[in-house]
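Worksheet: the structure to be examined is printed underneath.
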There are 2 protein chains.
Amino acid sequence: MSTSPAKATKEPRSRPSGGARQRVLDAALDLFAENGVSGTSLQMIADHIGVTKAAVYHQFPSKDEIVLAVLAPGMETLQRSVEEAERLDTPEARRASMLAALVDLVVSHRRIAAILNADPAASRLARSHAALDVAPRIRELMVGTDPDIRSDVAGAMVGGALMMVGLAPELERYDDEELSRHLLELAQDLLSRHAGEA
Amino acid sequence: MSTSPAKATKEPRSRPSGGARQRVLDAALDLFAENGVSGTSLQMIADHIGVTKAAVYHQFPSKDEIVLAVLAPGMETLQRSVEEAERLDTPEARRASMLAALVDLVVSHRRIAAILNADPAASRLARSHAALDVAPRIRELMVGTDPDIRSDVAGAMVGGALMMVGLAPELERYDDEELSRHLLELAQDLLSRHAGEA
DNA sequence: GTCTATAGGGAGATAGAC
DNA sequence: GTCTATCTCCCTATAGAC
């Protein structure tokens, strides 16, 4: 996995920080988080990194592809986490695994998770691109099949809390480790006390 | 306050359901909730009610005014609730009052609350229009001044849960009364157990 | 990898007839 | 209250030079 000197066929040669492509993605993430996907134009992205629109189009064939590339790290991690959790035997283990993965995901990719959850354009694009919509599978992992209202509310509460990590300015100053710990504890507490009897 | 027959100077005459203006607002709320504010054009609003853009512009001078008019019921209620809560004497009473008002607001105006919280264009417009940004005042009412990380996470969790009422499809089927009850109980439980020692 | 230039369309917004 | 017609601007996207 390290930077082997020879035979670096796919890796960007000489690693200039990932290059222009990554600069586009960084700028896009900033702007999507601040203005939403629909509220962000290619001109804004180009201006943000000091080039023209045409230079951006040299890296990506369309705006949709930029959006998908921005969301990709989060989406792939999410999909893997769901599949992993679904392989476990007991409902308790499935929920614990999914919850831990979700907390880790939203903390390490705060803005991506917020965009994916809260931006209608991003959600639609992600759903149309991914093989299967993960939202109902996550819901089942968290509150089981046919949950009662209390489980649904508790589940939504946890989901909302996870979304807020990328939306609430007052959480920005906390580092990943301590934020994860408190989030996980509170979510576990809430779910075990209010979504266990389903 | 009732529909006095004579001297109805300001009320719409003969009350044709509120008329064209209200139909615009209804369509706009539907579309904003589904596509976001930036993802909704005046053409989409006009098409949704079967008229032309010019007819929409006869009711509102600009798109911003439509957005503000859609959000107005929620914003006014919110502002009043904050001021009411701030007048109370003890921190406990302030938090209980604010929480009850928030639950009532997000349940009775589910989609408005979701748009106001999650849509960057809507939030920005609301902040620029309202006299004072209510978000920090609500935060102080809920978790006090200078909260620790656990209080902040608990507060964000409650805030996220309230936002989810208008975003999570699985909560749509529950009626206002029972949803309010469970939301209030869970939020009170969470805050009293994890945001009390600040 | 970045540029200039431009095509083609949809955006917000206005004028004026009915 | 709604229409047709139009303005201007900015959007996504493409072509081709350097």
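Residue numbering restarts at 1 for every chain, and letters A, B, ... go by the order of the sequence lines. Side chains included, hydrogens not; waters and symmetry mates left out as well; all remaining heavy atoms used.
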Please lay out, stage by stage, how Glu185(A) and Arg150(B) fare under the test salt bridge (Lys or Arg N to Asp or Glu O under 4.0 Å).
-> CA-CA 10 Å; Glu185(A) 283 175 11; Arg150(B) 202 164 188 84; 2.9 Å; yes

How many whole angstroms separate atom [atom1] of [X] from atom [atom2] of [N]?
X	N	atom1	atom2	value
Ile45(A)	dT12(D)	CD1	C1'	11 Å
Lys63(A)	dC11(D)	NZ	P	9 Å
His58(A)	dG1(C)	NE2	C1'	5 Å
Phe60(A)	dT12(D)	CZ	C1'	16 Å
Ile66(A)	dC11(D)	CD1	C1'	13 Å
Asp64(A)	dT12(D)	CG	P	10 Å
Gln43(B)	dT6(D)	CD	P	16 Å
Ile49(A)	dC3(C)	CD1	C1'	14 Å

Report, one line per pair, each donor and acceptor closer than 3.5 Å where one atom sits in a side chain of residues 55-71 of chain A; sequence neighbours left out.
| from | atom 1 | to | atom 2 | distance (Å) |
| --- | --- | --- | --- | --- |
| Ser62(A) | OG | Glu65(A) | N | 3.3 |
| Lys63(A) | NZ | Val37(A) | O | 3.0 |
| Lys63(A) | NZ | Thr40(A) | O | 2.7 |

Among [options], which nucleotide sits nearest the side chain of [X]?
X	options	answer
Ala55(B)	dA13(D), dG12(C), dC3(D)	dC3(D)
Val51(A)	dC3(C), dT12(D), dA13(C)	dC3(C)
Leu42(A)	dA13(D), dC3(D), dG1(D)	dA13(D)
Ser41(A)	dC11(D), dT2(C), dC3(D)	dC11(D)

Just jot down the salt bridge (Lys or Arg N to Asp or Glu O under 4.0 Å) partners of Arg173(A), sequence neighbours excluded, or say none.
-> Asp152(B)

Test side-chain hydrogen bond (donor to acceptor under 3.5 Å, both in side chains) applied to Asp176(B) - qualifying residues, sequence neighbours left out |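 In terms of side-chain hydrogen bond (donor to acceptor under 3.5 Å, both in side chains), with neighbours along the sequence ignored, Asp176(B) is linked to Arg110(B).
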
Sorted by chain and number, sequence neighbours left out, side-chain hydrogen bond (donor to acceptor under 3.5 Å, both in side chains) with Arg111(A) holds for Asp30(A)

Side chain to side chain contact (heavy atoms under 4.5 Å, CB included) between Gln79(B) and Glu83(B), worked out | CA-CA 6 Å; Gln79(B) 202 120 17; Glu83(B) 284 158 12; 3.7 Å; yes

Would you classify Thr40(B) as touching base, sugar-phosphate or nothing, given that sugar-phosphate means primed atoms plus P, OP1 and OP2, and contacts are heavy atoms under 4.0 Å?
->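 Sugar-phosphate contact only - Thr40(B) comes under 4.0 Å of backbone atoms but never of a base.
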
At under 4.0 Å, does any side-chain N or O of Arg23(B) touch on OP1 or OP2 of dT2(D)?
->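 So the side chain of Arg23(B) is within the cut-off, an N or O lying under 4.0 Å from OP1 or OP2 of dT2(D).
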
Below 4.0 Å: OP1/OP2 of dT2(C) and any side-chain N or O of Thr52(A) |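 The answer is no; no side-chain N or O of Thr52(A) sits under 4.0 Å from OP1 or OP2.
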
All N/O pairs under 3.5 Å across the protein-nucleotides 14-18 of chain D interface:
none

In residues 47-54 of chain B, what donor-acceptor pairs under 3.5 Å come from side-chain atoms, sequence neighbours left out?
| from | atom 1 | to | atom 2 | distance (Å) |
| --- | --- | --- | --- | --- |
| Asp47(B) | OD1 | Gln43(B) | NE2 | 3.1 |

